[in-house]
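Throughout, a chain's letter reflects where its sequence line sits, starting with A, and its residues are numbered from 1. Just so it is clear, the values below take in all heavy atoms, side chains as well, and ignore hydrogens, waters and symmetry mates. Given the structure is predicted, the values throughout are model-derived calculations rather than measurements.
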Amino acid sequence: MSVLPRISYPPELPVSAARDEIADAIRDHQVVIVAGATGSGKTTQLPKICLELGRESIGHTQPRRIAARTIAERIAEEVGVELGDLVGYQVRFTDKASAATRIKLMTDGILLNELSHDRMLSRYDTIILDEAHERSLTIDFLLGYLKRLLPRRPDLKVIVTSATIDPESFARHFASADGTPAPVLEVSGRTYPVEIRYRPLVAEVDEEGEGREDRDLFDGILAGLDELAGEAPGDVLVFLSGENEIRDAEDAIRARNLPGTEVLPLYGRLSAAEQHRIFDTSRAPGIRRRVVLATNVAETSITVPGIKYVVDGGTARISRYGARSKVQRLPIEPVSQASANQRAGRAGRTSDGIAIRLYSEEDYEKRPAYTDPEILRTGLSAVLLQMLDLDLGDIADFPFLQPPDPRGIRDGRELLRELGALTADGGLSRTGRDLARLPIDPRFGRMVLESKRNGVAREVLAIVAGLSIQDPRERPLEKREQADQSHARFADPTSDFLSLLNLWNHLEQRQKELSSSAFRRLCRAEFLNYLRVREWQDVYRQLERLARRIGIPAGEPKVDPDGIHRSLLSGLLSQIGVLDQRSAASGRDKGRRSAEFVGARGVKFAVFPGSALAKRPPSAVMAAELVETSRLFARTVAAIDVAWAERLAGDLVKRNYAEPHWEAKQGAAVGFETVTLFGVPLVTRRRVQWSRVEPAVAREMLLQHALVDQEWPPHLDRSRDPAFDFERANTRLLRELGELEERTRRRDILSGSEAVLGFFDARIPADVTTVRGFETWWNAARKEAPSLLTLGRTDVLEEDEDVPDVQQFPTTWHTDDQRLSLRYRFEPGAEDDGVTVEVPLPLLLASPRPGSTGWCPGSARSS
DNA sequence: GAGCACTGC
């Protein structure tokens, strides 16, 4: 054992006082939870305690790169050693750890990555998982992995630290075999009291009991500032949802012309210089207070100095994966209680503070305690890929703190299959193994693999690296048009991907010609964030190295737009859209709304207004990303030719689904195949029945598939059967579902579901034996009978609502000639075991939502 | 006609 330097503990830190207690707990238990508020000193002192306990190799993870670096620097300084020696750190592009390193700070992503070549984490005897309450995808995965690893590594100690919110959940997660939870040690923080004042925007009901008067958000902010002007001097931090609100608030405050007040915006896409003004605490003459208008950056990443007051607008944009649209959404939502408290806490860093909440206390009390962890809010393809690569077995058995939605898992698997990452039995294909080696979104990784075939690896690597980072193009508030003009020099009228490549080539060229300080100046003059440009180049170099390792050398520069787009398409099969002629025509009439495209699963989206393609919409596009903000937008798009795309997509689909799964059932083949339908839903995967099967078998099979896949098979309804009483069947179904609503306390079960189900007879004509033939038949059938139900949604429960007590999908179903039974299971711990809904067959219909396009043979509207 | 924040051999 090496000689330890003298270890001392700053006496002013609360954690120092609890040192012995913490040391005892770590010595006596394999897992210890340390809950401590900001300023407790846990982050810097825990590794020192471990060192004193004789732990030889301590891995200490942080969610952010900056934190990993600065904490390592601070510990090294406190212990009095050179950084990189006893204390080191490793983040994405920097490794400052050596053989002598016994305390290694790193991002949690680095630790996750080390698993791929060290499944037992054998180089560590102690792991400190810091800031676990942030519950990133990586943290949740590591928590599950460590739980499984602990019995096989009895010598391994794990310390999980969290803010004071809900440490018990971690303690329960790491309970010993007999159910005893891991010990929780609470360390007090070192913050000052913050007075909470509720100033809701909805004014109280007046004396007559009526005349509710609403103030808008900006009046609320101004009133808050007025109120705080009467308090002791101090800077104010205002939390808002995004750039728009910040700009409007800034206008409102300036219009009021408050004396001695300086207003500073703060959000991610601001230029580095504008962000830096926050840290410059010197003031112009006559300025008495600063008002910082910020997004959530100020809640987690950036600590604004000198804040005494907080005004909390109460909302934020929260990224959520839309299970139905398969698209990432950015809705503005009320923040959780934990988040509101975090925001308020920002007022108590240096002295007593006041936080004004622009909502009522009742509103606060009704909010969820915590923000949903990322694993419940995001696409899971990358996690699934990692798990498959690590051979972790069935994801359903993995000990997640909170298991992800089964639908999300299925979607993630579907995407991996679309990319050709899976074999028939669900394991990783060669493509999948290669994808797992690339630290980027699987879609982007797939583009890189395809680029080799087209000889454009260099170009695709540059584009993909650019798509992976935050956009380096800055748009300062005052000079937005100037910035847009500067960026427009690189615009390719047919492809934002090529625009990105043009910018990349420009930067590479100029960097060669210029000194590093001149290059930095150039970036500033051209409205490019230098740090992000560097990040882009770093990611490129990293990807280039890794791609070479899996047999894809970058190669010489090549001008081949078609080859580039062919490569990109391989990752974007389900991100293609064709121009919706009808909406295009009506858009022209109205003259305002941008043209809409129809994508996979029938989703409609528009090209993002900032795109070079927004002005003149092409007949078809492929998009790197679909994001729903106020509408569904495609960001970073390329114009493509429909025939070209269809042909290529067909080839790719054949390659990606190279090993279709076949199953013989009573003489009929059931295939998993891909149907590309341009003009209708496009590239998607569905099960196609190739030939006639026994009706009973078909019914069971199709029912199951419909329920599992949310895609009702395009078979017949009974709309032309004069004997069938739709009205009665409708009424019956609505009543059944109404009862379900009651029992699950859900009012809106039906509101999201349009036409559900049609009776099927499995009567595909015998001469239909191919996918192409099926499409032809199906399209003709649709023309002939436009009232045929085309798409049945069977996810009767709305996706976005919080339904803690009932699983969102029927877990079992059963059918006979008379009825369909759906069994919904309650989650463990609910009073009841579950609920069954029975629906008569054959069935029907029904959208209770006004304005729905769902055709409904039995509804009042159709008669 | 318009954008929360992070991260990865």
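The residues Asp372(A) and Arg320(A) are annotated as salt-bridged, a charged nitrogen and a carboxylate oxygen being separated by less than 4.0 angstrom. The pair Arg367(A)-Asp363(A) meets the salt-bridge criterion, since a charged nitrogen lies less than 4.0 angstrom from a carboxylate oxygen. At a threshold of 4.0 Å, the pair Lys104(A)-Glu114(A) counts as salt-bridged, since one of the basic side-chain nitrogens sits closer than that to a carboxylate oxygen.
Using a 4.0 Å heavy-atom distance criterion, Arg92(A) is classed as a base contact. In this structure, Thr295(A) reaches the sugar-phosphate backbone alone: every heavy-atom distance under 4.0 Å involves primed, P, OP1 or OP2 atoms, never a base. Contacts of Gln542(A) with the nucleic acid, taken as non-hydrogen atoms under 4.0 Å apart, involve only primed sugar atoms and P, OP1 or OP2. Nucleic acid contact for Phe608(A): base, since at least one base atom lies under 4.0 Å from a heavy atom of the residue. Here Thr629(A) lies in heavy-atom contact (under 4.0 Å) with sugar-phosphate atoms only. Using a 4.0 Å heavy-atom cutoff across all strands shown, Asn244(A) reaches sugar-phosphate atoms only and no base atom. Note on Arg247(A): nothing from the nucleic acid sits closer than 4.0 angstrom, heavy atoms only. Nucleic acid contact for Thr107(A): sugar-phosphate only, since backbone atoms but no base atoms lie under 4.0 Å from a heavy atom of the residue.
No side-chain donor from either of Thr378(A) and Glu374(A) sits under 3.5 Å from a side-chain acceptor of the other. Between the side chains of Ser451(A) and Arg458(A), not a single donor N or O lies within less than 3.5 Å of an accepting N or O.
Rounding to whole angstrom units, CZ of residue Arg532(A) and P of dC6(B) are separated by 8 Å. The CZ-C1' distance, from Arg631(A) to dG3(B), rounds to 15 Å in whole Å. Following rounding to the nearest Å, Ile110(A) (CD1) and dG8(B) (P) show an atom-to-atom distance of 6 Å. Distance CZ (Arg377(A)) to C1' (dT7(B)): 14 Å, rounded to an integer number of Å. At whole-Å resolution of the value, CG in Leu270(A) and P in dC4(B) are 12 Å apart. Across the protein-nucleic acid pair, Gln386(A) atom CD and dT7(B) atom C1' stand 12 Å apart, rounded to whole Å. Here dG3(B) presents its C1' atom at 15 Å from CD1 of Ile318(A), a figure rounded to the nearest Å. Following rounding to the nearest Å, Phe93(A) (CZ) and dT7(B) (P) show an atom-to-atom distance of 10 Å.
The side chain of Pro439(A) approaches dC9(B) more closely than any other nucleotide in the set dA2(B), dC9(B), dC6(B). Comparing dC9(B), dG1(B), dT7(B) by their nearest atom to the side chain of Leu546(A) picks out dC9(B). Side-chain proximity of Ser630(A) to the nucleotides dG8(B), dT7(B), dA2(B) is greatest for dA2(B). The side chain of Arg64(A) has dC6(B) as its nearest neighbour among dC6(B), dC9(B), dA5(B). When the nucleotides dG3(B), dG8(B), dA2(B) are ranked by their closest atom to the side chain of Arg65(A), dG8(B) comes out on top. Comparing atom distances between the Asn113(A) side chain and each of dG3(B), dC6(B), dG8(B) picks out dG8(B) as nearest. Out of dC6(B), dT7(B), dC9(B), the shortest distance to the side chain of Gln470(A) is found at dC6(B). Which of dG3(B), dG1(B), dT7(B) sits closest to the side chain of Lys615(A) comes down to dG1(B).
Two residues, Asn296(A) and Arg437(A), neighbour DNA chain B, and the one matched to the more 5' nucleotide by heavy-atom proximity is Asn296(A). Positionally, the nearest nucleotide of DNA chain B for Arg480(A) lies more toward the 5' end than for the other of Arg480(A) and Leu438(A).
In the displayed structure, Arg489(A) atom CZ is contacted under 6.0 Å by more than 12 heavy atoms of other residues, nucleotides or ligands.
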